[in-house]
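These notes are about the structure you will find just below.
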Amino acid sequence: MRKRLYLAPMFFWCGCTAVQQPAHPGYYSEEHRPQFHFSPEKMWMNDPNGMVYYEGEYHLFYQYYPDSTVWGPMHWGHAVSRDIAHWEHLPVALYPDSLGYIFSGSAVVDWDNRSGFGKDGKPPLVAIFTHHNMPGEKAGRSDFQYQSIAYSNDRGRTWTKYAGNPVIPNPGNIRDFRDPKVIWDAVSSQWVLALAAGDHVKLYGSPDLKNWTHLSDFGHDLGAHSGVWECPDLFPIEVEQDESGGDPKPPTESRQKWVLLLSINPGAPNGGSGTQYFIGDFDGKNFKVDTSLAGSLQNGHALWLDYGRDNYAGVTWSDVPASDGRRLFMGWMSNWDYAQVVPTAAWRSAMTLPRSLSLKNTPEGLRLHSTPVDELISLRGNSAKIPSGPVKGDSDWSNLTGSPAATKEILLELVWDGQRQTQTFGIELFNNKGEKVAIGFDPAKQELFIDRTKSGKTDFSPKFASRDAAPYRPEGNRLRLHVFADVSSVEVFAGDGARVMTDIFFPSESFTGLRWYGDVALTVVGGEIWELKKIRMKQARI
Ligand code: FRU
């Protein structure tokens, strides 16, 4: 398991890689264009798909409509990265065909060529996706979604659809039957596929990725159910051992659990689209939630991966080498409540930062934590320490790093007197037009929040302006925040990833300002601000 450098030591120097010049002036510099998040060159994007690591490349496919900036006939767009930070665009990988649009799905390396699609002794990449048959839907049928596969023998550059598609036909009556995510389970020696089926997940098993047998159903009566279930991802993960405390502890046995990520729309804690998760065990047939959790996941209660409005349909990368050991995640940084009307012109939507997921013991039990990947450290530019010591009242930190920047990373650790502290406090991103986004903590309610009600352009949707909150109880009134602010988004990781919030915004002028606010006495234990560099987005060489 790789060490996450962000944890200890907390603040450190790093070398920075050179960033290549953009392809042409203005490329990726449009109003609201994210500078260090993945976004398509142009047109509509939603869910990340087919994320797989192979021969030194992280593949990112995505739901893509190349002819418009709103949702339409779905293709799989494609990009690759060698370091999961900088991206190269590639031509569209999968086009709609006579079976339908290409909806969300996954991809795996078929190392032992069980599918038989391999060539010249090399394993194929196999993509598993939903075909959505529009004429079928329009005709009022309920069997218009089914699962198909395609393979590539040239590192994902070109794909051949399997002649025997679909590989999992619709049973005939399940309208929402989609988003297959496949994993090789070495213990039961089979491919395991998780599929969203309206209000539950169906698991299937296969020896060869072509022939699938239904294994079990999960979740009819567990977790949040006020929307349709989409984009499941079932994977094993080691429980992280507690490494805190001075004395070395005797090695404890490693413990493996299975986690099921599951997106739901609507029904997220702050409205619209969101991602819940379940922790349990998988025995090759059934996924069973831990008994300690089962009780608390009834009556609509759920565990949430991210409490912000804008992290949806996220799943994890397949085939990340065991020597790396991370479970890497990326989500779509938008919300179906307003995704199609956000005020960007050339393109719509970006992905979240790549994150590493871990399972840790907490006072509430096992919980999933998310942290930004270490590779992002290479984006750090000018930096400045936030002065330690007491803070009270507002302080302007805009120029600490030398120049006000719209793209920044902030690490901050604070303590306060729990008895006397009742007012909210936090940091604000702001511009000269009086627009702002607050990232704060409410000690009375024990809640972390992002307030984007005054963030600039908000009237494109009545559902956009919001103050989004997450229950959070920092131990010992000590709050540790790790914040990434891009031109049109903020991601907040509190308590080493125990609580995460992701929100987008559209100011009429970039938020180059940064200030501390709060009329209360707190102590800054330590902190640092970095300006972040634009990532390289290489145009496809067609
Ligand atoms: C989730 C989703 C998926 C579907 C895709 C269609 O955002 O609705 O369930 O496969 O988007 O674009």
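We count residues from 1, following the sequence as given. Note that the structure is a prediction, hence the values are computed from the model and not measured. Because only heavy atoms are used, hydrogens play no part in the values below, and waters and symmetry mates are left out as well, while side chains stay in. Atoms within a ligand are numbered from 1 in the order they appear, just like the ligands themselves.
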- Is the backbone of Trp71 close enough, under 3.5 Å, to the side chain of Gln340 for a donor and an acceptor to pair up by distance? yes
- Carefully, step by step, assess Arg467 and Glu447 under the rule salt bridge (Lys or Arg N to Asp or Glu O under 4.0 Å). CA-CA 12 Å; Arg467 180 190 180 279; Glu447 140 185 312; 3.1 Å; yes
- Query: For ligand 1, what is the set of protein residues having any non-hydrogen atom at a distance below 4.0 Å?
  - Reply: Asn46, Asp47, Gln63, Trp71, Met74, Phe103, Ser104, Arg178, Asp179, Glu230, Tyr312, Trp336
- Message: Taking the ring centre of each residue, are Phe129 and Trp159 less than 6.0 Å apart?
- Response: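 Between Trp159 and Phe129, which both carry aromatic rings, the centre distance is not below 6.0 Å.
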- Message: Please evaluate residues Glu409 and His482 with respect to the criterion side-chain hydrogen bond (donor to acceptor under 3.5 Å, both in side chains), reporting the C-alpha separation (whole Å), side-chain torsions for both, the decisive distance (0.1 Å), and the verdict.
- Response: CA-CA 7 Å; Glu409 177 186 351; His482 196 174; 2.7 Å; yes
- Among side-chain atoms of Ser206 and Asn211, is any donor-acceptor pair under 3.5 angstrom? no
- Which distance, rounded to the nearest 0.5 Å, do you find between the CG of Asp179 and the OG of Ser263?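 The OG atom of Ser263 is 8.5 Å from CG of Asp179, to the nearest 0.5 Å.
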